[in-house]
Amino acid sequence: MTDRRQWPLWEVFVRSKRGLSHNHVGSLHAADASMALRMARDVYTRRQEGVSIWVVPAASITASSPDEKDPFFEPAGDKVYRHPTFYDLPEGVEHL
Amino acid sequence: MYGLPEEAKDTVAGGRAVAASEAELQSEFDQMVAADQRLEPRDWVPDAYRKTLIRQIAQHAHSEIIGMQPEGNWITRAPSLLRKAILMAKVQDEAGHGLYLYSAAETLGVSRDELLDLLHRGKQKYSSIFNYPTLTWADVGAIGWLVDGAAITNQIPLCRCSYGPYARAMVRICKEESFHQRQGYQILYTLAHGSAEQRAMAQDAVNRWWWPSLMMFGPPDDESQHSAQSMAWKIKRHSNDELRQKFVDMVVPQAEILELTLPDPDLRWNAERGRYDFGPIDWDEFWRVVKGDGPCNRQRMEHRVRAHENGRWVREAALAYAAKHQARAGAAA
């Protein structure tokens, strides 16, 4: 009963308004890019949620391991000095 | 949706999961759930958790698309152009909700085709409420107010479900459902304040949809087979009976404003509990409909399978078209 081949999966990114970046909103199946765009419009912007849409074949995305404790992210773990809150300021210093 | 499917490439820093033992993975999972963290698509989860989620999300997705049928029944006969436009928008939303949910289920490693196939072969279920017919225009109102109202009560806690993609889909769906509920209420309010016939039509619809709506919350807590485990996994946040009571407490005052009655002689305010008491639910009817013997079970499935089969050539043609254009683009480059 199943079709021989499914339409490929696309990930959808929407810019909700000018000045903001595109955000991932979801995914859908479509035969090609232009169909994916039209369907993304119908599925994810029925209430004017966006002014611009990107669709990306899900298979083209390269992802890091999902585990947040992974060694991949470890190098950033011990560099608290990258945050301004690391630095104590002397009493009375302003605008710094 | 909302996260890559399992087969997404894992080229960087993979392999940790392979090294960790099952017990370690289980304990990390347990800690994540205990800390109210969200599980995401490629996290390790116990098989039973994955199976439960696939079953629940698929059933939910199937309900959305089967639910298009009873309402679609009235699109051509809506009483005005505006009502027709509103109903079309609502039915289109249901298709969208189905899509959000199928996409969420797919992140658990099951394909859309498999899910539809399971539905079509009767191996997965959809909400029994859609096996009742929409006999009059007022039924569209009653569905919006009561059925969507019950669905919202069920779904709001799911926005905090432990599985990220499901929770995110539910946030979207809940936002859109509140329009559905209001449009239904407005239809009933208009009818209830119209002619005597219109009023009777509204009352009749409420009489028929009331009990099936209460059944939507599922069997009583002491008979609900999946509840305890789902609550431990934080997929479910409140028990069936708790949600049912919440719905009754919410809806009774709304019925009073409609000036319609709810068909339950035992329904009354209990000052001691600070909640409404209501009469016993006919669970034999519930199980009869779940097992396939509701008024419209066969009709719904036949229609669904026919629509899928009739659409096959379109799906295949779109793939062939895409392949042809891809080949041409390749040749030109």
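Every chain is numbered from 1 and lettered A, B, ... according to where its sequence line falls, protein lines coming before strand lines.
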Open item on the list: Would you say that more than 12 heavy atoms from the other residues, nucleotides or ligands in this model lie under 6.0 Å from the CZ of A/R46, or not?
Closed with: yes

Task: Side-chain ion pair, A/R47 and B/D93, N-O less than 4.0 Å - done: yes

Open item on the list: Can you confirm whether B/L81 is buried at CG, in the sense that more than 12 heavy atoms of other residues, nucleotides or ligands lie under 6.0 Å from that atom?
Closed with: no

- [ ] Measure across B/A318 and A/A31 and return the closest heavy-atom pair with its distance rounded to 0.1 Å.
- [x] O-CB, 3.5 Å

Task: Side-chain donor/acceptor of B/R168 to backbone N/O of A/G26, under 3.5 Å - done: no

- [ ] Please report the closest heavy-atom contact between B/D113 and A/Q6, naming both atoms and the distance.
- [x] OD2-CG, 3.0 Å

Open item on the list: Is it the case that atom NZ in B/K123 sees more than 12 heavy atoms from other parts of the structure closer than 6.0 Å?
Closed with: no

TODO: Search all heavy atoms of B/R172 against all heavy atoms of A/V25 and return the closest pair with its distance.
DONE: NH1-CB, 4.4 Å

Open item on the list: To the nearest 0.5 Å, what is the distance between CZ on B/R112 and CH2 on A/W7?
Closed with: 10.0 Å

Task: Over all atoms of both residues, closest heavy-atom pair of A/V43 and B/Y100 - done: O-OH, 3.3 Å

Open item on the list: If I take atom CG from residue A/D32 and atom NE2 from residue B/H325, how far apart are they, to the nearest 0.5 angstrom?
Closed with: 8.5 Å

Open item on the list: Does any backbone or side-chain atom of B/Q326 lie under 4.5 Å from a heavy atom of chain A? Answer side chain, backbone, both or neither.
Closed with: neither

Task: Main-chain N/O of A/S64 paired with B/R42 side-chain donor or acceptor, under 3.5 Å - done: yes

